[in-house]
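To keep things clear, I will list the structure first and then write my remarks on it.
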Amino acid sequence: LVSKSMFLAYKGEMKGAYKALDKAVSLKEVRDSHMLNNYAVLDILSGNTTVKTTAYLNDAILLQSDPYEKTITECNLLTAYTILKDRVHAEQTYQQILDGNWKRYQYQEFLHIVYMDLYFYSKTFEESELAEESLASLLKLYNNVSHNSMVANLIKSQIIGDESVEMFYA
């Protein structure tokens, strides 16, 4: 049900996404950290990012021991702070991500999330040197993946601006 919730969210069906996540929570099919992270992601994707969203994400981070999951949640937190234009907390979260042990994970989808969120932060707050570094990482990833892959299509859509790609990802 959690996967269904995220699938529906990426399709833009937010009401169904919240409903599926609510059902997963009521059936106790989801850990507290995942519940908090996923409700926050739904808020972000719905355009309803608030201080409550960042509180959920901060609580989720405290409950997580797995560095992979923690990095994903930190990226979501960075996105939320960036949307809220909370530069101080965004900068702290950006540094937390950079200082983390995430580079050992070489999954294309994971790297795309990290690099894209770092790029979003640096572009939003006009940190040109950081934006260039993040963009270079995204382009390097793009050049190292099959150009028909989901990751390549996402990068092409988000960075290169190819509107023909019918995908949404956050």
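Residue numbers count from 1 along this sequence.
Atom CD of E129 has 12 or fewer neighbouring heavy atoms from other residues, nucleotides or ligands inside a 6.0 Å radius. Residue-environment remark: CZ (F7) stays at or below the threshold of 12 foreign heavy atoms within 6.0 Å.
Follow the hydrophobic side-chain contacts under 4.5 Å out from L62 and you never reach M35; the two are in separate clusters. No chain of hydrophobic side-chain contacts below 4.5 Å, direct or via other Ile, Leu, Val, Met, Phe, Trp or Tyr residues, connects Y81 to V88. L139 is connected to L118 through a chain of hydrophobic side-chain contacts under 4.5 Å among Ile, Leu, Val, Met, Phe, Trp and Tyr, so both are in one cluster.
Expressed to the nearest 0.5 Å, how far NZ of K140 lies from CG of L135 amounts to 14.0 Å. With rounding to the nearest 0.5 Å, the separation of CD1 in I61 from OG1 in T71 is 9.0 Å. The CG atom of L141 sits 9.0 Å away from atom CD of Q106, with the distance rounded to the nearest 0.5 Å. With rounding to the nearest 0.5 Å, the separation of CD1 in I83 from OG1 in T49 is 4.0 Å. The CG atom of N76 sits 5.5 Å away from the CD1 atom of I44 when rounded to the nearest 0.5 Å. Here the straight-line distance linking atom CG of D99 with atom OH of Y94 works out to 11.0 Å at 0.5 Å rounding.
Across all non-hydrogen atoms, the minimal contact from V51 to L84 is N-CD1, 4.2 Å. Smallest separation of non-hydrogen atoms from S122 and A131: OG-CA, 3.1 Å. Closest approach of R104 to N101, counting heavy atoms only: CG-O, 3.4 Å. For A90 against T82, the heavy-atom pair with the smallest separation is CB-OG1, 4.1 Å.
For the pair S33 and T73, the minimum side-chain heavy-atom distance is 4.5 Å or more. No side-chain heavy atom of V2 sits less than 4.5 Å from a side-chain heavy atom of E29.
Although no hydrogens or angles enter the test, the distance criterion places a donor-acceptor pair under 3.5 Å between the side chain of S5 and the main chain of A17. Side-chain atoms of S46 never come within 3.5 Å of backbone atoms of N48 as a donor-acceptor pair (strictly under, hydrogens ignored). Using a distance-only test at 3.5 Å, with no hydrogens or angles considered, no donor-acceptor pair links the side chain of W102 to the main chain of P67. With hydrogens and angles ignored, the 3.5 Å screen pairs no side-chain donor or acceptor of E126 with any backbone N or O of K123.
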Item to complete: Could you please spell out the steps behind the side chain to side chain contact (heavy atoms under 4.5 Å, CB included) verdict for L130 and Y121?
Response: CA-CA 9 Å; L130 299 176; Y121 158 82; 4.3 Å; yes
Item to complete: Report the C-alpha distance between D22 and Y39 in whole Å, list the side-chain angles of each, state the deciding distance to 0.1 Å, and finish with yes or no for side-chain hydrogen bond (donor to acceptor under 3.5 Å, both in side chains).
Response: CA-CA 9 Å; D22 288 342; Y39 275 122; 2.3 Å; yes
Item to complete: Before giving the answer on side chain to side chain contact (heavy atoms under 4.5 Å, CB included), spell out for M6 and L42 the whole-Å C-alpha distance, their side-chain angles and the decisive distance to 0.1 Å.
Response: CA-CA 8 Å; M6 292 298 107; L42 292 180; 3.6 Å; yes
Worksheet item: Given L98 and Q95, is the side chain to side chain contact (heavy atoms under 4.5 Å, CB included) satisfied, shown in steps?
Response: CA-CA 5 Å; L98 290 184; Q95 198 56 53; 4.1 Å; yes
Discussion item. Run the side chain to side chain contact (heavy atoms under 4.5 Å, CB included) test on T54 and H89 for me, step by step, so that the C-alpha distance in whole Å, both residues' side-chain angles and the decisive distance to 0.1 Å come before the verdict.
Written reply: CA-CA 10 Å; T54 61; H89 287 106; over 6 Å; no
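Between the side chains of D117 and T79, at least one donor N or O lies within less than 3.5 Å of an accepting N or O. Side chains of H34 and N37: a donor-acceptor N/O pair is absent below 3.5 angstrom, by distance only.
Checked options E74, R31, K70; the residue passing with Q64 is K70 (criterion: side chain to side chain contact (heavy atoms under 4.5 Å, CB included)). Each of L8, L45, D43 was scored for a side chain to side chain contact (heavy atoms under 4.5 Å, CB included) with M14, with one residue passing: L45.
A salt bridge is absent between E13 and K4: the closest approach of a Lys/Arg side-chain nitrogen to an acidic carboxylate oxygen does not fall below 4.0 angstrom. Ion pairing between R87 and E127 holds under the 4.0 Å rule for side-chain N and carboxylate O.
Taking A40 as the reference, T53, Y56, L57 meet the side-chain contact (heavy atoms from CB on, under 4.5 Å) condition, with sequence neighbours excluded.
In this structure, Y115 has its ring center no closer than 6.0 Å to that of Y119.
Between Y68 and F110, the ring planes are parallel. Angles under 30° get that label, and only those over 60° would be called perpendicular.
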